[in-house]
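Single-structure report; data block below.
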Amino acid sequence: MTAKIIDGKAVAEKLNAETAAKVAAFAKAHGRVPGLAVVLVGEDPASQVYVRNKGRTTAAAGMLSVEHKLPAETGEADVLALVRRLNDDPKIDGILFQLPVPKHINSDRVIDAIDPKKDVDGFHVVNAGRLAVGFDGLFPCTPLGSLVLLDEAGVKLEGAEVVVVGRSNLVGKPIAQLLLRRNATVTVAHSRTRDLGAVCRRADVVIAAVGRPRMIQGDWIKPGAAVIDVGINRIEEGGKNRLVGDVDYDAAVKVAGAITPVPGGVGPMTIACLLRNTLISAERRVSK
Ligand code: GUN
């Protein structure tokens, strides 16, 4: 048996088309388009690629895309002042503060300054709390994208055993909360988990979000299980630079029922969910 390959690029394109149609309807009803502001401090090469892609996709969906690219030496006070200006700007519905940032900036303080209603990354503690408690809010994009892929693949979450490997605030914890809201039985495993292989083998769904290349092995996957690989690791192999996930894909694809590739799985869903969050924020802001 080989697994069904979950095509994240195709699902992201479909979601982006739906968002673009809703953006057009929003513009007709309200005489403006939803606006997303991105703040990038410094010149991290991966961040520059993300920000360029975000700008392009945002504009393609018919939204306003505003980029604030600040030099690496910009002080925290200036970043905070910019965030407050964006909080007060009626054209801006979403604010994304690109991570990572230079060491002299405390990213927690910057995220804390973002108006939670405009926090389209869902990183503010108010949104993390609202997610945990079961309220409406804005929730992180990679976790949301992972759930969309599971739904598209027809994976039943209610009552399912799901093992999330990784407990970061950006992915592991919010994904566990979203899965609980869908009535899954959720285990959050991590680097100190005893016999991680045995824990994973129990799972109907494995979510790999540890940031370690190919750590999840093929024989850790229960035959027929769904595997969502959130990892994006750059490695040197055979003299070449390659992108690999947290799952040993070549082995896992032979056992799993469905699996996301890297690249082309979860990756494209993050921006698609960011655009959807920006639209949701705009709709909430006009209806209050
Ligand atoms: N850096 C890499 N991915 C992301 C993301 O989704 N949001 C932010 N703010 N920074 C990132």
Side-chain angles (χ1 to χ4, degrees), residues 8 12 15-16 19 35-58 61 63 65-70 72 74 76 79-80 82-83 86-87 92-103 105-116 118-128 131 137-149 166 168-175 178 207-211 228-234 243 245-246 262-281:
L15 181 52
N16 285 339
T19 302
L36 172 66
V38 173
V39 179
L40 171 63
V41 186
E43 267 127 47
D44 179 72
S47 290
Q48 286 176 320
V49 176
Y50 287 141
V51 168
R52 197 170 335 118
N53 284 340
K54 269 175 215 154
R56 202 185 296 135
T57 327
T58 309
M63 295 191 194
S65 165
V66 182
E67 284 172 18
H68 292 270
K69 293 185 178 161
L70 309 177
T74 306
E76 190 179 296
V79 178
L80 289 171
L82 171 60
V83 166
L86 295 169
N87 283 343
I92 297 301
D93 301 287
I95 302 169
L96 184 142
F97 178 57
Q98 182 69 32
L99 303 174
V101 281
K103 280 194 278 299
I105 294 177
N106 180 331
S107 57
D108 291 343
R109 270 203 293 264
V110 178
I111 291 165
D112 201 49
I114 297 173
D115 179 346
K118 295 190 177 187
D119 168 40
V120 282
D121 257 330
F123 291 168
H124 195 286
V125 288
V126 164
N127 281 314
L131 173 59
L138 290 166
F139 306 140
C141 304
T142 302
L144 287 171
S146 302
L147 258 72
V148 172
L149 291 182
S168 71
N169 289 328
L170 305 191
V171 184
K173 284 183 201 163
I175 227 167
L178 287 168
I207 315 265
V210 259
I228 300 290
D229 191 348
V230 180
I232 300 180
N233 308 289
R234 216 168 275 278
L243 272 190
D246 292 348
V262 176
V266 177
M269 294 303 296
T270 300
I271 293 180
C273 289
L274 175 72
L275 300 191
R276 189 175 63 174
N277 270 355
T278 305
L279 171 71
I280 290 170
S281 168

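Note: hydrogens, waters and symmetry copies are ignored here, and every other heavy atom, side chains too, is used. Numbers here are sequence positions counted from 1. Atoms within a ligand are numbered from 1 in the order they appear, just like the ligands themselves.
- Contacts with ligand 1 closer than 4.0 Å are made by side-chain heavy atoms of Y50 only, the backbone lying farther away.
- Between L99 and ligand 1, at least one N/O pair is under 3.5 Å apart.
- Distances below 4.0 Å separate heavy atoms of F97 from the following atoms of ligand 1: 8 (C), 9 (N).
- Not one N or O of P100 is nearer than 3.5 Å to an N or O of ligand 1, by distance alone.
- Side-chain contact check for V41 versus F97: some heavy-atom pair is nearer than 4.5 Å.
- Counting only heavy atoms from C-beta outward, the side chains of F123 and N169 never approach each other to under 4.5 Å.
- Scanning both residues, G55 and S65, for their nearest heavy atoms gives CA-OG, 3.6 Å.
- Of the N or O atoms in T270, none lie within a sub-3.5 Å distance of an N or O in ligand 1.
- The shortest side-chain heavy-atom distance between N16 and L275 falls under the 4.5 Å cut-off.
- With respect to atom 8 (C) of ligand 1, the closest heavy atom belonging to the protein is D121 OD2, 3.3 Å.
- Side-chain contact between Y50 and T270: absent, with no pair of heavy atoms (C-beta onward) separated by less than 4.5 Å.
- Residue T142 has no nitrogen or oxygen atom sitting less than 3.5 Å from a nitrogen or oxygen atom of ligand 1, judged on distance alone.
- Taking a cut-off of under 4.0 Å to the non-hydrogen atoms of L96, the atoms of ligand 1 that pass are 9 (N).
- No part of L274 comes within 4.0 Å of ligand 1, judged by heavy-atom distances.
- Residues L82 and L70 are in side-chain contact: their nearest non-hydrogen atoms beyond the backbone lie under 4.5 Å apart.
- Counting only heavy atoms of the protein, atom 11 (C) of ligand 1 lies nearest to Q98 NE2, 3.3 Å.
- Considering only heavy atoms from C-beta on, I92 comes within 4.5 Å of K118 through its side chain.
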